[in-house]
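Just so we're clear, the structure is a prediction, and the values are computed from it rather than from any experiment. Numbering starts at 1 and runs along the sequence shown. Atom set for the values below is all heavy atoms of this structure, side chains included, hydrogens, waters and symmetry mates excluded.
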Amino acid sequence: MNLCILVGRIEKNATLLGKDTKALSFVVETINNYNGEEKKDLVSCVLFNPTPELEKQLTRQGEGLYVELEGRVSSSSLKTNGEKRYNTDVIVRHWTFTVVNA
């Protein structure tokens with residue numbers, strides 16, 4: 001089973017991709033505590049077929065929004081100028097967006 005749960009804040013406003021099948025691309029900043037040290041991770045996320053309201057909110061006012069997401073990890077690779085590059089995204093299935101003052 002491929003299941004990922006993220007909690008954090010959206011790093012900057014989402015980017016809209018595609019025309020027929022729309023997708024929102026955004027980055028969530030999460031905080032890890034490892035051996036008593038706080039470490040921030042940036043996780044790339046993609047949400048397919050957003051509602052018009054959600055698309056508007058995340059592309060215009062998404063930065064800093066607190067989110068709780070459930071999705072799956074998806075990885076891919078491609079060759080650019082002879083170099084193999086890897087990409088990993090969380091494909092969002094369920095989400096909760098909350099405005100938190102902090």
Asker: Minimum heavy-atom separation for L16 and E55, please, with both atom names.
Answerer: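 Looks like CD2-OE2, 3.3 Å.
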Asker: Look only at the side chain of N2 and the backbone of V73, and say whether a donor-acceptor pair between them is shorter than 3.5 Å.
Answerer: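 Pair found, side chain donor or acceptor close to backbone of V73.
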Asker: To the nearest 0.5 Å, how far apart are CG in L6 and CD in E68?
Answerer: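 If we round to the nearest 0.5 Å, L6:CG and E68:CD are 10.5 Å apart.
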Asker: Identify the two heavy atoms, one from E29 and one from L42, that lie closest to each other, and give their separation to 0.1 Å.
Answerer: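 Closest pair (atom of E29, atom of L42, distance): CB-CD2, 3.9 Å.
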Asker: Let me confirm one number: the CZ-CG distance from F48 to L24, rounded to the nearest 0.5 Å.
Answerer: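 Taking CZ in F48 and CG in L24, the distance rounds to 10.0 Å.
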Asker: I need the minimum non-hydrogen distance between G62 and N13, along with the two atoms involved.
Answerer: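 The pair with the smallest heavy-atom distance is N-OD1, 2.9 Å.
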Asker: Please confirm whether the backbone N or O of L78 pairs with a side-chain atom of R85, one donor and one acceptor, at under 3.5 Å?
Answerer: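 Side chain of R85 to backbone of L78, a donor-acceptor pair under 3.5 Å: no, none is there.
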Asker: Are the side chains of L69 and L47 in contact, using a 4.5 Å heavy-atom criterion?
Answerer: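 Result no, sub-4.5 Å side-chain heavy-atom pair not found.
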Asker: Check step by step if side-chain hydrogen bond (donor to acceptor under 3.5 Å, both in side chains) holds for D89 and S44.
Answerer: CA-CA 5 Å; D89 295 308; S44 178; 2.5 Å; yes
Asker: Take V90 and V28, measure what side-chain contact (heavy atoms from CB on, under 4.5 Å) needs, and give me the verdict at the end.
Answerer: CA-CA 10 Å; V90 171; V28 175; over 6 Å; no
Asker: Measuring from atom NZ of K22 to atom CG of L54, what distance do you get when rounded to the nearest 0.5 angstrom?
Answerer: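 Separation between the atoms: 11.5 Å.
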Asker: Over all heavy atoms of both residues, which pair between R93 and R72 is shortest? Give the atoms and the distance, please.
Answerer: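 Here R93 and R72 meet closest at NH2-CB, 3.3 Å.
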Asker: Does the side chain of T30 reach to within under 4.5 Å of the side chain of V7, using non-hydrogen atoms?
Answerer: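 No. Closest side-chain heavy atoms not under 4.5 Å.
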Asker: Is any side-chain heavy atom of V67 closer than 4.5 Å to one of W95?
Answerer: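 Not touching, per the 4.5 Å side-chain cut-off.
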Asker: Closest heavy-atom contact between K56 and T59?
Answerer: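 That would be O-OG1, 3.4 Å.
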